[in-house]
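Residue numbers begin at 1 in each chain, while the letters A, B, ... track the order of the sequences.
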Protein chains: 2
Amino acid sequence: MLAITVKMHVIASMLDSSPDQTRTPSAATTRLWIALMRTQRILLAAIEQDLKAADLPPLGWYDVLWELVRAEKGRLRPFEIEAHTLLAQHNLSRLLDRMEEAGLVRREVFPQDGRGRWVLVTEAGRAMQQRIWTVYGASIERHLGEKLADADADQLAGQLARLIRG
Amino acid sequence: MLAITVKMHVIASMLDSSPDQTRTPSAATTRLWIALMRTQRILLAAIEQDLKAADLPPLGWYDVLWELVRAEKGRLRPFEIEAHTLLAQHNLSRLLDRMEEAGLVRREVFPQDGRGRWVLVTEAGRAMQQRIWTVYGASIERHLGEKLADADADQLAGQLARLIRG
DNA sequence: CATACATATATGCAATTGCATCCATTTTGA
DNA sequence: TCAAAATGGATGCAATTGCATATATGTATG
């Protein structure tokens with residue numbers, strides 16, 4: 001499976017990235033780092049609070065549901081969800097436990113590989129994804145969308161994305 | 001004390017911010033939200049990993065040490081640290097337990113208010129702050145600083161800051 | 001000035017996360 | 001072909017976090 005090759009390559013490239021202990025960031029870089037951390041934390045806290053106020057589960061649940069809903073046949077392998085959501089493997093495994101317990105997803109065997117599983121979203125899961133989006137989307141709009149024009153948002157998103165590509 | 005007035009004002013303003021459930025974010029806003037979350041998470045994970053690889057404590061410890069080192073007389077009240085670092089009160093309280101146990105800070109009574117405490121950074125704490133910065137700074141530079149020019153960083157930091165002001 | 005309310009900090013307990021490791025299955029390659 | 005290495009996923013246990021509440025003290029109000 002192609003994923004194997006990719007993974008080994010990724011790991012190998014990560015291993016040789018030992019920090020150069022001699023360099024120091026510029027004041028501008030440091031300001032950007034702090035701004036990035038603070039902005040994300042404050043917005044995330046505000047949005048998570050809106051979800052909690054509406055008696056909805058935390059964002060991680062939404063991320064998983066969204067990936068499943070948009071996936072073909074409403075199913076993915078755990079490692080695919082992991083890659084999309086950036087959740088750690090063991091955290092995802094347990095998040096899926098909770099979501100399965102809540103009836104939002106189901107796990108089934110993956111016949112082509114005895115180690116694997118399918119994770120499928122249930123009807124209740126689809127309904128929950130939509131219910132969460134009602135609140136989540138409104139919250140994103142209120143805390144973020146209202147603060148800037150779409151053109152600025154797009155440009156800013158592009159600049160942020162460049163920080164982690166290449 | 002001024003802090004009282006501020007707090008009540010902040011709480012009051014937060015309480016009336018009920019989400020408008022009817023609005024939905026634009027595609028641009030949603031892209032920005034996702035970019036912000038992903039970029040912050042990926043960079044933070046990379047940097048925390050560098051710290052761990054150097055056998056240093058997590059970033060929260062640095063944030064507290066930094067606030068104390070820069071503060072007059074190397075001391076602050078817990079609620080001041082809380083405000084600067086965005087740590088939750090109970091989390092800070094326990095973080096300070098651990099840091100005190102590690103000999104990096106000390107708690108002393110605050111005579112002017114029987115409820116309060118001083119948190120002071122020790123010599124070991126100052127040394128640790130510098131030791132962490134060696135690695136942390138290099139890591140910021142490598143993961144972030146190298147990706148863009150200072151002018152771009154400054155501009156980007158300004159745009160991010162605008163998202164949480166007003 | 002007494003009573004109710006606010007503030008500063010701490011803490012018990014449950015839920016989540018991190019870490020290491022385990023298990024079962026592929027895949028690789030001598 | 002078969003042992004060694006890699007993968008996909010789960011799990012035991014410790015550390016951290018979240019949540020509610022406790023404790024002590026300060027401030028305001030009738």
Could you tell me the separation between the CD atom of A/Glu82 and the P atom of D/dG9, rounded to a whole number of Å? 8 Å
Under 3.5 Å between N/O atoms: give me all the protein pairs with nucleotides 12-14 of chain D, atom names plus distance.
unit_1: D/dG12; atom_1: N7; unit_2: A/Arg94; atom_2: NH2; d: 2.7
unit_1: D/dG12; atom_1: O6; unit_2: A/Arg94; atom_2: NH1; d: 2.8
unit_1: D/dG12; atom_1: O6; unit_2: A/Arg94; atom_2: NH2; d: 3.2
unit_1: D/dC13; atom_1: N4; unit_2: A/Arg94; atom_2: NH2; d: 3.3

Would you kindly give the CG-to-P distance between B/Leu95 and D/dG18, to the nearest whole Å? 12 Å
Determine the minimum heavy-atom distance between A/Glu80 and A/Arg77, stating which atoms define it. OE1-N, 2.7 Å
Let me spell it out: for each of B/Asn91 and A/Arg117, pick the nucleotide of DNA chain D with the closest heavy atom. Which residue's pick is nearer the 5' end? A/Arg117
Do B/Gln89 side-chain and C/dA10 base share a donor-acceptor contact under 3.5 Å? yes
A/Arg77 side-chain N/O to D/dG9 phosphate OP1/OP2 under 4.0 Å: yes
Separation of C/dT9 atom C1' from B/Leu87 atom CG, nearest Å, is 15 Å
Check whether the side chain of B/Arg115 and the base of C/dT7 form a donor-acceptor pair under 3.5 Å. yes
Of C/dT26, D/dG9, D/dA10, the nucleotide closest to the side chain of A/Phe79 is D/dG9
Would you kindly compare A/Pro58 and A/Gly114 by the position of their nearest DNA chain C nucleotide and give the one closer to the 5′ end? A/Pro58
Of the non-hydrogen atoms in B/Glu82 and B/Leu87, which two are nearest, and what is the gap between them? CG-O, 3.1 Å
Tell me which of B/Ala88 and B/Pro111 sits closer to the 5' end of DNA chain D, going by the nucleotide each one is nearest to. B/Ala88
Shortest non-hydrogen contact between B/Leu56 and B/Ile132, atoms and distance: CD1-CA, 4.0 Å
Please report the distance, rounded to the nearest Å, between CG in A/Asp113 and P in D/dA6. 17 Å
Answer yes or no: does a side-chain N or O of B/Arg98 lie under 4.0 Å from OP1 or OP2 of D/dT17? yes
Expressed in angstrom and rounded to an integer, what is the separation of B/Glu48 atom CD from C/dT17 atom P? 15 Å
Between D/dG8 atom C1' and A/Leu76 atom CG, what is the distance in whole Å? 15 Å
Would you call B/Trp33 and A/Ile47 a side-chain contact if the rule is heavy atoms closer than 4.5 Å? yes
What is the distance from CD of A/Gln112 to C1' of D/dT7, rounded to the nearest Å? 16 Å
Give a yes or no on this: more than 12 heavy atoms of other residues, nucleotides or ligands lie within 6.0 Å of atom CD of A/Glu101. no
Check whether any side-chain heavy atom of B/Arg41 lies under 4.5 Å from a side-chain heavy atom of B/Leu44, and answer yes or no. no
With respect to the phosphate group of D/dC19, does any side-chain polar atom (N or O) of A/Lys52 fall under 4.0 Å of OP1 or OP2? yes
Kindly check if the number of other-residue, nucleotide or ligand heavy atoms within 6.0 Å of CD (B/Gln112) is above 12? yes
Spacing between B/Arg41 atom CZ and C/dG18 atom P, to the nearest angstrom: 11 Å
